[in-house]
Number of protein chains: 2
Amino acid sequence: MSSGSITINDIAKMLGISKSTVSRALSEHSDVNAETRHKVLELARKLNYTPNALALNLKQQRTNTIGVLIPETVNRFFAKAIGGIQRVANLAGYNVMICQSDESFVTERSNLRSLLTAHVDGVLVSVSAETDRTDHFQVLLDKNIPIVFFDRISEELNTSRVYTDNYEIAFEGTEHLISQGCQRIAIVAGPQNLYNSRNRLKGYMDALRKHNLPVKENYIVQSHFRAGSVEDYTRDLINLPQRPDAIFAINDFAAIEMMHVIKKNGLRIPQDIAILGFNNETICRFVEPALTSIDMSAYDMGSEAAALLLDQIKGNREPQKKLIKSRLVIRESTHLKG
Amino acid sequence: MSSGSITINDIAKMLGISKSTVSRALSEHSDVNAETRHKVLELARKLNYTPNALALNLKQQRTNTIGVLIPETVNRFFAKAIGGIQRVANLAGYNVMICQSDESFVTERSNLRSLLTAHVDGVLVSVSAETDRTDHFQVLLDKNIPIVFFDRISEELNTSRVYTDNYEIAFEGTEHLISQGCQRIAIVAGPQNLYNSRNRLKGYMDALRKHNLPVKENYIVQSHFRAGSVEDYTRDLINLPQRPDAIFAINDFAAIEMMHVIKKNGLRIPQDIAILGFNNETICRFVEPALTSIDMSAYDMGSEAAALLLDQIKGNREPQKKLIKSRLVIRESTHLKG
DNA sequence: GCCATCTGTGCAATCGATTGTCCTAAATTT
DNA sequence: AAATTTAGGACAATCGATTGCACAGATGGC
């Protein structure tokens, strides 16, 4: 009665039987006299009995909870991914505990400790912009807690992962710009400790090389996802002696801010500078010119990752790797020909 | 050894003492011989002992976890609020379990059951667009689990709450439009079962009345936050015989889509139609014309709500009500005079 | 009619902590 | 020196479930 809820013990006492019999009657998989079982089920229903999850957690050493460790919920990609994760998890009877690293390695490591303390049954991870090692994940693996990386994966650890074809799509995006006649293509690249950022940059460079265009240092801008610097590096780019005629942005919101700066400087999009975004936010269709972007299926990545994690939790110990293809969505901001 | 972690029992056996002594040595608040205590602490440190949270949860009937029940993480207001919630919760040693209702009453009720089963110590709630009653919350209150509502509050229940001055800011926004010379102001109003939506509409209507402008039925559009209908109702509005000369949108993203539709129809903003958004997204500054909006301090609402909840959990049973003021941010989309 | 089998149920250990009660030996008082 | 206090620690119950083992009574085989 302490928490106001009735327990298996209460039912046992009320019926004058032992609590083991009650437990067996409720769990259905043991020999209990049909009449006894009926009485137990009846009373349990009447009293609105629900098993105490805390007791089960302790006894069974699991919590039916999965941890999610992402950079930021305000990043729309992750906000959408959470949707997919929760749908899959909830359908399977799991709760979801979410932590944000705020793109900080130290916070990521601390979050991981919290999730460990909370005894989550598994963890979904997208690493922070600062993360360049994996020892903090090893602690979980040593304790047999499965981890599934999604989007911002770690290539070092042999875990399940859900990832996108960053190399291929960056290659395709860059080729698209070239096909529109662009010759001086700049890119805003993410932190190079991230697998995705490296691949994106590689795809960009390989596309340039394939078409015999020079890869120029000053056309490659380093960004760390933090807002606030966009105006600065955009200004730097358009003031270069050899002004770029296209910019591959790091995401759509940065792209839209760049467009704003470019237009303020009297340049036209796409005629003077074409712009290519990333993430295909809804808003891409409503800005002027409409923004070409890359669609990422964030929701699907989340649900696939959750599904793989549940697989691992249920004992399927073969790590699986799942590719979710992204897709170039061409709009006016890169439309010069055809 | 079952989960690989060492327990208080292991330490007791290794030192040849009882586990109660170990427990008392670790908790520091009881008479344990200084030497014994030292040996225990030493060994605990050496073995990297951490108390099993599951055992503590059962024993103490609490989980150091708070539940958060919101409509959607893809709604940026809530994504930001989560940031504030997590910062406060984590600093106080609490984990955060997040559920999304997807604006559905049924899902909201089901989420609440999950949180109850998970034995969260308290819950932060922003109700769904469909929610028009409160009996599902009463179940938690009956079990003495504190609830704090934020933003989309319930006025019926006597719980702590963090809310904004929707009436006042809608009044102020509408007066601002009037001050710019607008006479035919339309509004896109949210579901009227929501306290916030009702107040916003009331503020709008009272401002019109104060300035002797008519409140016209066909200037009031009902929206349910779902995307996809924006283009339709915008077209309807601009095709009215008496076309509105200003529209008070339901949020910034809807406002930007409206601007797109309006411009496509050859009308100018703000000269033909002024637009007022809601939420003051970063992007407001980068669209053309820059969008006037209302700043909501989502992060602060989240952290204040979390702080009030922790108060309640710690036993301060006086429900508190906290107002977070919003702020009109004037930009070009409503700038006609001065 | 005796032993073996089966059915249904209870007892008690277990998960890993906390905490009230009690016991022993040393220290203090008189 | 006897009596009383006190410190330090052990024992066991508790939180609410699950589950191996034992045991009683009924049934069946020979």
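- Using a cut-off of 4.0 Å between Lys/Arg side-chain N and Asp/Glu carboxylate O, A:K321 and A:E155 are scored as not salt-bridged.
- Residues from residues 33-44 of chain A with heavy atoms under 4.0 angstrom of DNA chain D: there are none.
- Remark: B:E156 engages no residue in a salt bridge (Lys or Arg N to Asp or Glu O under 4.0 Å) (not counting sequence neighbours).
- Here C:dA12 presents its C1' atom at 15 Å from CD1 of A:I8, a figure rounded to the nearest Å.
- Among residue pairs with one or both ends in residues 79-88 of chain A, those qualifying as salt bridge (Lys or Arg N to Asp or Glu O under 4.0 Å) are A:K80-A:E281; sequence neighbours excluded.
- Within the structure, every pair that satisfies the ring-ring contact (aromatic ring centres under 6.0 Å, His included) test and touches residues 78-109 of chain B, not counting sequence neighbours, is listed here: B:F105-B:H136.
- The aromatic ring centres of A:F137 and A:F149 sit less than 6.0 Å apart.
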Which donor-acceptor pairs under 3.5 Å do side chains of residues 12-20 of chain A form with protein atoms, sequence neighbours excluded?
{"residue": "A:S18", "atom": "OG", "partner": "A:S20", "partner atom": "N", "Å": "3.4"}
{"residue": "A:S18", "atom": "OG", "partner": "A:S20", "partner atom": "OG", "Å": "2.9"}
{"residue": "A:S18", "atom": "OG", "partner": "A:T21", "partner atom": "N", "Å": "3.4"}
{"residue": "A:S18", "atom": "OG", "partner": "A:T21", "partner atom": "OG1", "Å": "3.3"}

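- Remark: C1' of D:dA17 and CD1 of A:I6 are 13 Å apart, rounded to the nearest angstrom.
- A side-chain donor from one of B:N196 and B:D151 sits under 3.5 Å from a side-chain acceptor of the other.
- In terms of the side chain to side chain contact (heavy atoms under 4.5 Å, CB included) criterion, residue partners of A:L141 (sequence neighbours excluded) are, by chain and number, A:Q138, A:I147, A:L157, A:T159.
- Take the nearest nucleotide of DNA chain D for B:L58 and for B:D31: the residue whose nucleotide is more 5' is B:D31.
- Residues forming a salt bridge (Lys or Arg N to Asp or Glu O under 4.0 Å) with A:E304 (at least two apart in sequence, or on another chain): A:K322.
- When the C1' atom of C:dA17 is taken as reference, atom CG of A:L54 falls 13 Å away, rounded to whole Å.
- If you take CG of B:N52 and C1' of C:dT18, they are 13 Å apart, rounded to a whole angstrom.
- One can place CG of A:N57 at 18 Å from P of D:dC15, the figure rounded to the nearest angstrom.
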Dump the pairs, protein N or O against N or O of nucleotides 10-14 of chain D, anything under 3.5 Å, distances to one decimal.
{"residue": "D:dA10", "atom": "OP2", "partner": "B:S18", "partner atom": "N", "Å": "2.7"}
{"residue": "D:dA10", "atom": "OP2", "partner": "B:S18", "partner atom": "OG", "Å": "2.9"}
{"residue": "D:dA10", "atom": "OP2", "partner": "B:T21", "partner atom": "OG1", "Å": "2.7"}
{"residue": "D:dA10", "atom": "N6", "partner": "B:R24", "partner atom": "NH2", "Å": "2.7"}
{"residue": "D:dC11", "atom": "N4", "partner": "B:S20", "partner atom": "OG", "Å": "2.7"}
{"residue": "D:dT14", "atom": "O2", "partner": "B:K59", "partner atom": "NZ", "Å": "2.8"}

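- In this structure, B:L26 atom CG and C:dT18 atom C1' are separated by 12 Å, rounded to whole Å.
- Remark: A:Y49 is not in phosphate contact with D:dG16, judged by side-chain N or O atoms under 4.0 Å from OP1 or OP2.
- Between the two ends of the helix from C:dG1-D:dC30 to C:dT30-D:dA1, each summarised by a five-pair axis, the helix axis turns through 60° (rounded to 10 degrees).
- Shown here are the salt bridge (Lys or Arg N to Asp or Glu O under 4.0 Å) partners of B:K39, two or more places apart in sequence or in another chain: there are none.
- Applying the ring-ring contact (aromatic ring centres under 6.0 Å, His included) rule to A:F77 yields no partners; only residues at least two apart in sequence or on another chain are considered.
- As judged by a 4.0 angstrom heavy-atom cut-off over every strand, A:L56 is placed among residues touching the sugar-phosphate backbone only.
- A straight line from CD of B:Q61 to C1' of C:dA17 spans 13 Å, rounded to a whole angstrom.
- Side-chain N/O atoms of A:S23 include none lying less than 4.0 angstrom from OP1 or OP2 on D:dA17.
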Donor-acceptor pairs under 3.5 angstrom involving side-chain atoms of residues 306-314 of chain B: please list them, not counting sequence neighbours.
{"residue": "B:Q312", "atom": "NE2", "partner": "B:N316", "partner atom": "O", "Å": "2.9"}
{"residue": "B:Q312", "atom": "NE2", "partner": "B:E318", "partner atom": "O", "Å": "3.2"}

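- The distance between atom NZ of A:K13 and atom C1' of C:dG10, rounded to the nearest whole Å, is 15 Å.
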